[in-house]
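Worth saying up front: this structure is predicted, and the values here are computed from it rather than measured. Quick note on labels: first sequence line is chain A, next is B, and so on, each numbered from 1.
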2 protein chains.
Amino acid sequence: MNKKNLTLKDIAALSGVGKSTVSLVINKSPRVKTATRERVEAVIREYGYTPSLTARALRAQREKIIGIIMTRLDSAAENRAIRAILAEAYQAGYDAILQESMLDPRRLEEHLHVLESRRVEGVILFGFSGMDDVDLTPWQHRLVLIARQRPGFASVTYDDSGAVDLLMARLHASGRRNVSFIGVDEQDHTTGRARYQAYLAGCKRYGFSGAARLGDLSYQSGFTLAETLLDQESEALICATDTLALGALKSIQARGLQVDVSSIGSTPLLAFLHPEVTSVRLGFAKAGLRALHMLLEMQHDKAAGGQLVLPCSLED
Amino acid sequence: MNKKNLTLKDIAALSGVGKSTVSLVINKSPRVKTATRERVEAVIREYGYTPSLTARALRAQREKIIGIIMTRLDSAAENRAIRAILAEAYQAGYDAILQESMLDPRRLEEHLHVLESRRVEGVILFGFSGMDDVDLTPWQHRLVLIARQRPGFASVTYDDSGAVDLLMARLHASGRRNVSFIGVDEQDHTTGRARYQAYLAGCKRYGFSGAARLGDLSYQSGFTLAETLLDQESEALICATDTLALGALKSIQARGLQVDVSSIGSTPLLAFLHPEVTSVRLGFAKAGLRALHMLLEMQHDKAAGGQLVLPCSLED
DNA sequence: CTGTTAGCGCGTTCAC
DNA sequence: GTGAACGCGCTAACAG
């Protein structure tokens, strides 16, 4: 009853041919007589045989698997990137092993080790601040970083300062003078420092007044910071992420303030709850796609890769 | 330079012993002289050798991999379950291949086929309405369904009607008489029909008046339905999911209605944005955990499994 | 041109 | 502590 997994050899016996003939049939080699092919195919269908990718991988010295290490499963941004990656990888015949680093370098190391054991062909790694000490050298030519750069490594990054610039320019154009900012601690080099510094630079350039507060990535943080940062005088607020914006907007709404809020991420949820908010699209899905493409190219050409900075945009 | 993957054989040669000795060392067999063991271990460390799980799996006839097929990567509920599963699976030495069905039975079939090729040990499948025609027989003893039952299959389901009952009882206790409902089309048997029917039954039991509207799972739908369903007279509203509640609350807030809203899911986001809302915890994380445990037990004991219905709760 | 035999890839296991 | 067989599919070389 428990139809134990059939093997190529079994199929060969059942259809009265040699192992290799079955293999040829499976791999659609034209060098098999049609009659034979059909007989073998019939047997395969009848017994529901599926060749073992494990054996194939062993033989081919090549697992068609990639590892994806995200920081957090519930990051909306990474989610969108992953979705694009999974779909595309699937098309290319790859499967993905998913892991979560939880921003913990130790966990990252462990995960990389597992992926090494599995002989995955490549890794897509969502970078985070604490990972700078992790040695990625063994992966140099089969790893693509997302959201973070490292010399000598392929990467796809978002245009953090460009995104802030877009928002600042827009506020300048609409005549704002007072522009505040809610962001993330500068220990986070991208979402944190880069966006904050871009804000500071923009203030100088456009002559904006306004204050800034930095916290963590949670909406709670957005709320708390907004509470102390904003008052009746506040004209405009830029949030480093949509999540922060969601928190800040709660405070704004509760106090009935009139503030022009804009943020970065362009999450569907934010667009739904607060359509009046301008949010920059960083291109998460595209980032995932490009990262995967890079990775696949790097298989064939070690020189491929490079550091791609994705353009951001305001349009829908 | 390209330190190609070393094999057990290489290590054996480098340390001047036989393949099997290296294998014994790796597997911590006590039958190796300490001196030899240390020499081999030194070589392994020096060259950074990692045994191939692929080869091991082929030999052992057993891949320590499970497949997880979720409906949508961005489902907060599934996300929480997955997170629990990944962490626990990792502890047990398993890795997970993740796939997204997008509620499409065809995609589900394809994914199962891939998992079959990979010879995964088991599958955790997040059920959905359109999947009834998909033949799961070959997976009968190595698959656990979540959020959906099927005769003869192991499953972990949420207590849909129990959750609604909790909310209805609470409203009854606080003296409500007019209770409306926003749900999901009955084609969805669990989130849709079960919760809706529980609402109808509750109305009869407690003598509630109130109307209901069904739509899809989006917050847009929640909003739209609330717009037509609620008015100044509305006392209380039950939403089949937190997402719907989020949509409905937007309408409620915009119109300044006073409605006691409750829902099912207990998402952190909802708790943050609308702490006044009562939301039932269905136990997503626990569901994931239990599903994984079932699956692992089923490896050893075909008879394990069964249909577990998770209790829901109101407390934090 | 069609199909078979043999050996590989890599870690495990068992008899010697 | 070791060689050899094994698990499964691929493929070069070879026979009909």
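The side chain to side chain donor-acceptor pair (under 3.5 Å) pairs that include a residue from residues 7-17 of chain A are A:T7-A:D10, where partners are two or more places apart or lie in different chains.
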Which donor-acceptor pairs under 3.5 Å do the side chains of residues 148-155 of chain A make with protein atoms, sequence neighbours left out?
| residue | atom | partner | partner atom | Å |
| --- | --- | --- | --- | --- |
| A:R148 | NE | A:F128 | O | 3.1 |
| A:Q149 | NE2 | A:T157 | OG1 | 3.4 |
| A:R150 | NH1 | A:V134 | O | 2.9 |
| A:R150 | NH2 | A:M131 | O | 3.0 |

Under 3.5 Å, sequence neighbours excluded: what are the donor-acceptor pairs made by side chains of residues 102-115 of chain B?
| residue | atom | partner | partner atom | Å |
| --- | --- | --- | --- | --- |
| B:D104 | OD1 | B:R106 | N | 2.8 |
| B:E110 | OE1 | A:Y90 | OH | 2.8 |
| B:H111 | ND1 | B:R107 | O | 3.3 |

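The rotation axes computed at either terminus of the helix from C:dC1-D:dG16 to C:dC16-D:dG1 lie 50° apart, taking five pairs at each end and rounding to 10 degrees.
Remark: B:T137 engages B:D135, B:Q140 in a side chain to side chain contact (heavy atoms under 4.5 Å, CB included) (not counting sequence neighbours). Checked against side chain to side chain contact (heavy atoms under 4.5 Å, CB included), B:R37 has the following partners two or more places apart in sequence or in another chain: B:V25, B:V32, B:E41. In this view, A:L53 and A:R56, B:S117, B:R118 satisfy the side chain to side chain contact (heavy atoms under 4.5 Å, CB included) rule, not counting sequence neighbours. Qualifying side chain to side chain contact (heavy atoms under 4.5 Å, CB included) partners for A:D133, counting only residues two or more places apart in sequence or in other chains: none.
The shortest non-hydrogen separation linking B:D74 to A:N79 is N-OD1, 3.8 Å.
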What is the per-nucleotide protein-contact pattern of nucleotides 9-16 of chain C, from the 5' end, where B denotes a base atom under 4.0 Å from a protein heavy atom, S denotes such proximity for sugar-phosphate atoms only, and - denotes neither? BBBBB---

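In terms of phosphate contacts, A:T36 brings a side-chain nitrogen or oxygen within less than 4.0 Å of OP1 or OP2 of C:dG3.
Nucleic acid contact class of B:V17 (heavy atoms, under 4.0 Å, all strands): sugar-phosphate only.
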